[in-house]
Structures are given as structure tokens and as C-alpha cells.
Amino acid sequence: SGYFSSLTVLGQILGCYIISASAQGLALIDQHAAHERIAFENLRAQLDAGKVARQNLLIPQAVALSAGEMLLVEQKKLALEQIGFALEPFGPGAYAITAVPALLPEGDYSQLVRQMVAELADVDTSTKLRQHLEDRLATMACHSVIRAHRKLELPEMYALLGDLDRIEFATQCPHGRPVLIEFSRDDLEKMFKRVV
């Protein structure tokens, strides 16, 4: 069992942070950043396996595009498919989104697809494509996670910690924000001026 699984959860504050006791002292976990990191690593593993899990939409969503965007979608269709989107031509000036990454919550995906296409526009080499796809996965991970201010039950908090132990780079979200901040006994004693 890893570091996160060894923590003892004491509770949750402000609907955002899990407070836990560690062997060293106190550990605070940003649940949003943690969920984001887990979602990102799951997506990255799926990308490595050559298949991002996706769900077909019962009702395809039309996305209206300019002539330039239409051309870009045509050029980047394969890259979009790699990260879990399926698009079909839908009359002049539009595409229908027929499938999306399974991780994404239900909603209007047209804006996200438009954003993905724009961000992939300047990618010309395959090495740059990999980095860009990872950046897109980070965006999707952000869209997919439980928003802050959600009360988690104790089993959910422990499940989250267990998930963090199963991934690499668990201490940062995909955008580089910390998932965990730890206060050692020394830190706490200095804060309370018990030691200088």
C-alpha cells in the first residue's frame, strides 16, 4: 500500500479539501486536483493503449463550423478520434458529434470540440501531436471531474486516496497545481510557536 492509502481521513472542509493524519503530521488533499489527476492518468493510459473509451450519443449534436474550421476538422479528425470523439459530416458547414470520451459528463460538447480543433490547428509533427493530445486530455480531465464544493462520504474519500496510489505523479494535477500539502510535526510546532 502506498502513501495515500496510509493516511487516516479526519474529514472534509469547505467542500474542497480532505484533511487527514499522516505518519509525519497533517496532510491536506485538494479533492478537485486529485480527481483531475486520476482522470488524466486514466485517459493517458487509454491513449497509450490506442483507444480512449467513448460513449455513443443517442442524439448526435450538430456543431456549426466556419469553412476554415470545416477544413481543420477534416485534417484533425484522426487526432480527435484518438482522444475519443467521433464526428460525421452533417450538411454544409456542420459536423455531427456522434460519440464523446466516456469520461465526460453529459452536456453540450460543441464548444469543447471547437476548442479542441482550434488547439490542434498548429500541430504539424507527430511528436508535437502527442504533447498536444496530452494537453487536450488535461482539458477533458478538468471538464470531467467533480466540481469543488461537493460533500464526499468517508468511503469516497478513502477510494480517492486509493486511486491516487495507483497512478504516477499523484502529487500534482495535470496543470501543475498541488494535490497534497503536508505539514510535519516541526511545521505545526513552528506555527504554534512551540519551537523557534
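When all heavy atoms of Leu104 and Gln55 are compared, the pair lying nearest together is O-NE2, 3.6 Å. Contact detail for Gln24 and Tyr3: the closest heavy-atom pair is OE1-CE1, 4.2 Å. Considering all non-hydrogen atoms of both residues, Ala138 and Pro174 come closest at CB-CB, 3.7 Å. The two residues Leu133 and Ala79 make their nearest non-hydrogen contact at CD2-O, 3.8 Å. Listed here is the closest heavy atom pair of Ser110 and Gln61: N-OE1, 3.9 Å. The nearest pair of heavy atoms linking Asp30 to Pro178 is CB-O, 4.1 Å.
The main-chain N or O of Gly25 is never found under 3.5 Å from a side-chain atom of Arg185 such that the two would form a donor-acceptor pair. Here the side chain of Gln12 pairs a donor or acceptor atom with the backbone of Leu152 at under 3.5 angstrom. Judged purely by atom type and a 3.5 angstrom limit, Thr98 uses its side chain to pair as donor or acceptor with the backbone of Ala86.
The hydrophobic cluster containing Leu78 does not contain Ile83, counting ILVMFWY residues as joined when their side-chain heavy atoms lie under 4.5 angstrom apart, directly or transitively. Note: the hydrophobic cluster containing Ile59 does not contain Phe90 (ILVMFWY, side chain heavy atoms under 4.5 Å, direct or indirect links). Hydrophobic clustering (side-chain heavy atoms under 4.5 Å, transitive across Ile, Leu, Val, Met, Phe, Trp, Tyr) groups Ile13 together with Phe183. Leu71 and Val73 fall into different hydrophobic clusters, where Ile, Leu, Val, Met, Phe, Trp and Tyr side chains are chained together by heavy-atom contacts under 4.5 Å.
Rounding to the nearest 0.5 angstrom, the gap separating the CG atom in Leu161 from the CD atom in Gln31 is 11.0 Å. Rounding to the nearest 0.5 angstrom, the gap separating the CG atom in Leu80 from the CE atom in Met116 is 8.0 Å. Atoms CZ and CD1, on Phe4 and Ile167 in that order, are 8.0 Å from each other to the nearest 0.5 Å. Taking CD1 from Ile97 and CG from Asn56, the interatomic distance works out to 13.0 Å, rounded to the nearest 0.5 Å. Here the CD-NE2 distance, from Glu156 to His35, works out to 7.5 Å after rounding to the nearest 0.5 Å. Distance check, rounded to the nearest 0.5 Å: OH of Tyr95 to CE of Met70 gives 5.0 Å.
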Run the side chain to side chain contact (heavy atoms under 4.5 Å, CB included) check on Ile29 and Leu7 step by step: do they pass? CA-CA 11 Å; Ile29 290 140; Leu7 298 174; 3.7 Å; yes
Pair Phe85, Lys76 - check side chain to side chain contact (heavy atoms under 4.5 Å, CB included), show working. CA-CA 11 Å; Phe85 291 93; Lys76 303 300 176 192; over 6 Å; no
Should Phe40 and Thr139 be marked as a side chain to side chain contact (heavy atoms under 4.5 Å, CB included) after you check the CA-CA gap, both sets of side-chain angles, and the distance that decides it? CA-CA 9 Å; Phe40 175 71; Thr139 302; over 6 Å; no
Checking side chain to side chain contact (heavy atoms under 4.5 Å, CB included) for the pair Glu81/Arg54: CA distance, chi angles, key distance, verdict? CA-CA 10 Å; Glu81 280 170 9; Arg54 63 191 194 188; 4.2 Å; yes
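Between Glu182 and Ser22, the closest side-chain pair of non-hydrogen atoms falls below 4.5 Å. Residues Leu28 and Ile19 have side chains in contact (heavy-atom distance under 4.5 Å, counting atoms from C-beta outward). A heavy-atom distance below 4.5 Å is not found between the side chains of Leu103 and Met140.
Few gaps surround CG on Leu10; more than 12 heavy atoms of other groups in view lie less than 6.0 Å from it. Atom OH of Tyr17 sits in a sparse spot, with 12 or fewer heavy atoms from other residues, nucleotides or ligands closer than 6.0 Å.
Ile38 pairs in a side chain to side chain contact (heavy atoms under 4.5 Å, CB included) with only one of the listed residues (Leu164, Leu43, Val179), which is Leu164.
For the pair Arg166 and Asp163, the salt-bridge criterion is met [side-chain N within less than 4.0 Å of a carboxylate O].
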